[in-house]
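Read the structure below first, then the notes.
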Amino acid sequence: MKNYMVIAGCSHSSGSEIDGTLDSKYNREHSFGNLFAQKMGYIPINIATPGATNQLVARHILRWFAENKDIVNNKTNNVALLVNWTESIRVEAPFEFPADTSFPSADWQVDQEQFIQINPGYTGYSAREKEKQERYHRFIAHEVPFCEILSLQMILMIQYFCQANNYRYFMSSAGYVFTEENLPWTRHYMRLVNDKHYYNFRTKEDAFYEKFKLRGHVNHKAKYGHHDEAAHKAHADDLYNYFKRKGV
């Protein structure tokens, strides 16, 4: 019997810039997700996508399970999932002219398909992309509660997908998924999240990026602020200890 763990998320989950590059086999092998999978006795399948939004993360999870029936339906395999949700102020939008955003180091062919990932602070490449980014940046700036609710809907969709199919699953945050000022609206969704399966769900400072930034970790190889190997190893240990304590 083989045990596989699918690891989904953004650049933090792919281990971006551990070795100074945005994507590499070494980065993924030393990412906290891969290390956690190995500690739990699973073979990691890292499908994380740098620059991903939570909508892309959820869509890639559903696509992977739909397109890998040879693994999923094999009765001699056990398949688990680790999802590391990114910050909610990223949104995905339909786009007719996607850039080449493939990442060959991933364990499954990930791409953005006919969508564009809207990230505050990123202006885009082509004129078409820049116009789209600017328009959505204005929307995000005025509609943060909407973005947080959208992320929570993605979380619940994957949670219930795993429960319905009896998949073992684990969740954590790589960036801020929610903020206190929007709790009047987000709390209606948050109360449905099974925090036994979600690492320190209500402590937003325990999101991977923020946690190790607050601890003073500095990756001198990184151009875009991603954490180093030590941070990834420490986070893998934190996840392992949390889920073992919860009996997940």
Side-chain angles (χ1 to χ4, degrees), residues 2-19 21-54 56-65 68 71 77-87 90 103-110 151 154-155 158-159 161-162 167-175 177 197-201 206-213 217 219 222 224-244 246 248:
K2 288 186 177 180
N3 298 323
Y4 295 96
M5 183 178 290
V6 179
I7 299 150
C10 65
S11 56
H12 296 297
S13 300
S14 69
S16 284
E17 296 194 296
I18 287 177
D19 66 3
T21 65
L22 284 177
D23 192 37
S24 71
K25 184 176 175 61
Y26 184 92
N27 287 344
R28 291 180 186 265
E29 288 175 347
H30 293 83
S31 68
F32 66 79
N34 282 48
L35 297 175
F36 171 73
Q38 290 162 0
K39 287 174 73 72
M40 295 292 287
Y42 289 88
I43 300 167
I45 301 176
N46 194 314
I47 66 170
T49 309
T53 63
N54 286 329
L56 182 144
V57 171
R59 181 160 47 79
H60 274 181
I61 290 167
L62 298 177
R63 269 192 58 206
W64 188 90
F65 277 89
N68 289 274
I71 296 175
N77 293 336
N78 286 321
V79 181
L81 174 67
L82 171 65
V83 195
N84 308 293
W85 300 102
T86 192
E87 56 190 351
R90 300 178 177 188
F103 296 95
S105 297
D107 296 323
W108 176 65
Q109 187 55 50
V110 298
S151 285
M154 297 299 105
I155 291 168
I158 297 303
Q159 171 182 296
F161 168 76
C162 290
Y167 297 135
R168 191 181 188 188
Y169 73 98
F170 312 86
M171 294 184 178
S172 74
S173 298
V177 175
H197 289 259
Y198 201 124
Y199 170 75
N200 289 352
F201 172 58
D206 274 343
F208 173 66
Y209 175 74
E210 279 74 19
K211 179 169 69 172
F212 290 99
K213 183 179 180 181
H217 278 252
N219 182 1
Y224 301 104
H226 293 94
H227 288 311
D228 62 8
E229 214 163 319
H232 280 267
K233 183 179 184 305
H235 195 55
D237 291 340
D238 289 347
L239 293 177
Y240 178 81
N241 292 332
Y242 178 87
F243 290 120
K244 279 296 185 182
K246 294 290 186 179
V248 178

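We number each residue from 1, following the sequence as shown.
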[X] (side chain) donor-acceptor with [Y] (main chain) under 3.5 angstrom:
| X | Y | value |
| --- | --- | --- |
| N84 | A174 | no |
| R28 | D23 | no |
| D228 | H217 | no |
| N241 | D237 | yes |
| S16 | L22 | yes |
| N219 | E17 | yes |
| H30 | Y26 | yes |

Identify the two heavy atoms, one from [X] and one from [Y], that lie closest to each other, and give their separation to 0.1 Å.
| X | Y | result |
| --- | --- | --- |
| R90 | C10 | NH1-CB, 3.7 Å |
| V79 | Y167 | O-CD2, 4.1 Å |
| R63 | Q109 | NH2-O, 4.5 Å |
| S13 | A48 | CB-CB, 3.6 Å |
| F32 | S172 | CE1-OG, 4.5 Å |
| A58 | M154 | CB-SD, 3.9 Å |

Pairwise distance [atom1]([X]) to [atom2]([Y]) - rounded to 0.5 angstrom:
| X | Y | atom1 | atom2 | answer |
| --- | --- | --- | --- | --- |
| H232 | I18 | NE2 | CD1 | 4.0 Å |
| F243 | Y169 | CZ | OH | 9.5 Å |
| H60 | L56 | NE2 | CG | 4.0 Å |
| F212 | D206 | CZ | CG | 9.0 Å |
| I43 | N3 | CD1 | CG | 7.5 Å |
| Y4 | I71 | OH | CD1 | 5.5 Å |

Do the non-hydrogen side-chain atoms of F103 and S14 ever get within less than 4.5 Å of each other?
-> no
Does the side chain of R168 reach to within under 4.5 Å of the side chain of N78, using non-hydrogen atoms?
-> no
Mind running side-chain hydrogen bond (donor to acceptor under 3.5 Å, both in side chains) on D107 and N46 for me, showing each step along the way?
-> CA-CA 5 Å; D107 296 323; N46 194 314; 5.7 Å; no
Looking at H235 versus F36, is the centre-to-centre ring distance below 6.0 Å?
-> no
Does K213 NZ have over 12 foreign heavy atoms under 6.0 Å away?
-> no
Knowing that exactly one of V83, V57, N54 qualifies, which makes a side-chain contact (heavy atoms from CB on, under 4.5 Å) with I158?
-> V83
Could you walk me through whether Y198 and S173 pass the side-chain hydrogen bond (donor to acceptor under 3.5 Å, both in side chains) test, one step at a time?
-> CA-CA 8 Å; Y198 201 124; S173 298; 2.7 Å; yes
I47/V6 under side chain to side chain contact (heavy atoms under 4.5 Å, CB included): CA gap, chis, key distance, verdict | CA-CA 7 Å; I47 66 170; V6 179; 3.7 Å; yes
So Y209 and H12, would you call those rings parallel, tilted or perpendicular, with 30° and 60° as cut-offs?
-> tilted
Check step by step if side chain to side chain contact (heavy atoms under 4.5 Å, CB included) holds for H197 and C162.
-> CA-CA 11 Å; H197 289 259; C162 290; over 6 Å; no
Starting from the C-alpha separation in whole Å, work towards a yes-or-no answer on side chain to side chain contact (heavy atoms under 4.5 Å, CB included) for N200 and D238.
-> CA-CA 10 Å; N200 289 352; D238 289 347; over 6 Å; no
Under 4.0 Å between a Lys/Arg side-chain N and an Asp/Glu carboxylate O for E29 and K25?
-> yes
Under the side chain to side chain contact (heavy atoms under 4.5 Å, CB included) rule, what do L82 and Y42 come out as? Steps first, then yes or no, please.
-> CA-CA 11 Å; L82 171 65; Y42 289 88; over 6 Å; no
